[in-house]
Amino acid sequence: MSAQPVIETQALSKVFGNQKALDAVSVAVAPGAIGLLGPNGAGKTTFIKCLLQLQPITSGSAKLLGREVGAEGREIRKRVGYTPELDCHIPGMAGCEYVTYCAQLCGLPFQAARQRAHEMLDYVGMGQERYRKIDTYSTGMKQRLKLAQAIVHDPEIVFLDEPANGLDPKGQAQILELVQNLWRAYGITVVLSSHMLADVEQICEQIIIIARGRVLVHDSLANLKARRRGSAEVVVAGRHEDLQAACARRQWPCELLPSGHLKVAHGSPSLNPLLSLLDEIHLAPLEIIPSPNALEEAFIQALEISHAAP
């Protein structure tokens, strides 16, 4: 990645009492659609809040858009958008009033702020609802409103914390399409924080997986999906011994699992060698379950770490 990083951290740590929410996080993240993935409580929101100076950093350092977090906060905030996971509206305000107010807070004069607010409300698909009080909005409308206020000042990078939370499948798809378009159509770097693998996989090009405040993986989605361990579970009705013997001749580890499946480490990113072996011994499998790609494996590992005893 040759572009200048939009996010750089060195041993970034955040401690709450005896709990280490972030543990020496060091990353350099290029512009693009970035997925911040991990189970609930992994440290994703804390990471974002430290970058945005909504939480003080305990130790380490961070840069956002090339500027030192903590030293150049005002300049950073002009160039950054943020949608928090929880609702952030002001009670009693109409949607268009709220987004206009957010634009003014970012430095736009009133007339420009009002025009820009309506443009962004159009972008997120809000019609006459924009004139209603936000208190009457559905969850989906509130999520759209949060997205509109995050991009009303044309930021260079936007942080979206669980933007599809609480939505039905249709609403999720609509929000994710809007988010995807920010980078693809307008070049706004997106950091999508989610505990949903499918959401991140759908729209992100880079993946950062966090568990218990530590970065487990930082790589491109393409690399992670291309890497497999070269193993598969083979489900057969019988002749387990024949398959085990054939694997032994090829020096492939073959393990009989409690489920009755045979786990075969064939050592190839493709299933072709395993299929050839099965054809060679005239054994028709009931099912072949490929090993997960590296993205799925890392996410499973993050879940296991999160649920392990401290």
Side-chain angles (χ1 to χ4, degrees), residues 33-37 40 44-45 48-49 52 54 77-204:
I34 301 142
L36 187 59
L37 185 64
N40 289 326
K44 306 185 300 295
T45 296
I48 291 174
K49 287 185 174 181
L52 298 178
L54 299 175
R77 281 191 288 273
K78 291 178 183 177
R79 302 162 63 191
V80 174
Y82 174 48
T83 70
E85 181 178 3
L86 301 177
D87 289 342
C88 58
H89 66 270
I90 300 174
M93 293 187 80
C96 57
E97 293 173 337
Y98 173 66
V99 180
T100 299
Y101 177 64
C102 290
Q104 288 180 278
L105 288 178
C106 295
L108 275 70
F110 174 73
Q111 293 294 339
R114 184 168 60 181
Q115 178 179 343
R116 180 72 181 174
H118 283 286
E119 290 172 355
M120 293 304 98
L121 288 164
D122 286 339
Y123 173 75
V124 301
M126 291 190 70
Q128 293 302 308
E129 304 95 339
R130 71 186 69 187
Y131 300 109
R132 283 170 39 192
K133 301 294 185 186
I134 303 172
D135 311 65
T136 68
Y137 282 8
S138 66
T139 300
M141 290 162 61
K142 288 178 180 176
Q143 293 287 31
R144 290 172 186 270
L145 187 76
K146 284 197 290 186
L147 181 57
Q149 65 80 25
I151 59 176
V152 70
H153 58 301
D154 194 22
E156 295 173 45
I157 181 172
V158 61
F159 292 86
L160 309 175
D161 198 349
E162 304 283 4
N165 251 12
L167 303 182
D168 60 26
K170 181 180 178 181
Q172 289 177 356
Q174 290 172 340
I175 284 289
L176 291 176
E177 184 179 355
L178 290 171
V179 170
Q180 186 177 49
N181 223 28
L182 292 177
W183 168 247
R184 290 191 176 179
Y186 301 105
I188 299 173
T189 288
V190 172
V191 179
L192 172 63
S193 172
S194 178
H195 66 284
M196 301 297 292
L197 176 60
D199 291 356
V200 170
E201 194 173 5
Q202 178 182 332
I203 68 173
C204 296

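Every heavy atom of this structure was used, including side-chain atoms; hydrogens, water molecules and symmetry mates were not.
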- Message: Can you pull out every salt bridge (charged side-chain N to carboxylate O under 4.0 Å, His left out) where at least one residue sits in residues 86-95? Sequence neighbours excluded, please.
- Response: D87-K142
- Give every residue pair that meets the salt bridge (charged side-chain N to carboxylate O under 4.0 Å, His left out) criterion with at least one member in residues 161-183, sequence neighbours excluded. none
Can you tell me how far the [atom1] atom of [X] sits from the [atom2] atom of [Y], to the nearest 0.5 Å?
| X | Y | atom1 | atom2 | value |
| --- | --- | --- | --- | --- |
| T189 | F159 | OG1 | CZ | 9.0 Å |
| I151 | Y186 | CD1 | OH | 8.5 Å |
| D199 | I175 | CG | CD1 | 11.0 Å |
| L160 | I203 | CG | CD1 | 8.0 Å |
| L176 | C204 | CG | SG | 9.0 Å |
| K44 | L36 | NZ | CG | 7.0 Å |

- Task: For residues R144 and L178, determine if any side-chain heavy atom of one lies less than 4.5 Å from a side-chain heavy atom of the other.
- Result: yes
- Report yes if some heavy atom in the side chain of L145 is under 4.5 Å from a heavy atom in the side chain of L121; otherwise report no. yes
For [X] versus [Y], what's the shortest heavy-atom pair and its separation?
| X | Y | answer |
| --- | --- | --- |
| G92 | D135 | N-OD1, 3.0 Å |
| G81 | P155 | N-CB, 3.6 Å |
| V99 | A117 | CG1-CB, 3.7 Å |
| Q172 | L167 | NE2-O, 3.1 Å |
| A148 | V124 | N-CG1, 4.0 Å |
| V200 | G35 | CG1-CA, 3.7 Å |

Could you list the residues that satisfy side-chain hydrogen bond (donor to acceptor under 3.5 Å, both in side chains) with [X], not counting sequence neighbours?
| X | value |
| --- | --- |
| Q143 | K146 |
| T83 | none |
| Q202 | none |
| N165 | E85 |

- Message: I need the full list of side chain to side chain donor-acceptor pair (under 3.5 Å) pairs touching residues 123-134, with sequence neighbours left out, sorted by first then second residue.
- Response: H118-R130, D122-R130, R132-T136
- Message: According to side chain to side chain donor-acceptor pair (under 3.5 Å), does anything in residues 98-114 pair up with another residue at least two apart or in another chain? List the pairs.
- Response: Q111-R114
- Query: What residues form a salt bridge (Lys or Arg N to Asp or Glu O under 4.0 Å) with K49, not counting sequence neighbours?
  - Reply: none
- Message: Which residues pass the salt bridge (Lys or Arg N to Asp or Glu O under 4.0 Å) test with E156, not counting sequence neighbours?
- Response: R79
- Task: Not counting sequence neighbours, which residues clear ring pair (Phe, Tyr, Trp, His ring centres under 6.0 Å) with F110? List them please.
- Result: none
- Message: Taking side chain to side chain contact (heavy atoms under 4.5 Å, CB included) as the definition, give me every residue that meets it alongside D154, ordered by chain and number, with sequence neighbours left out.
- Response: R116, I188
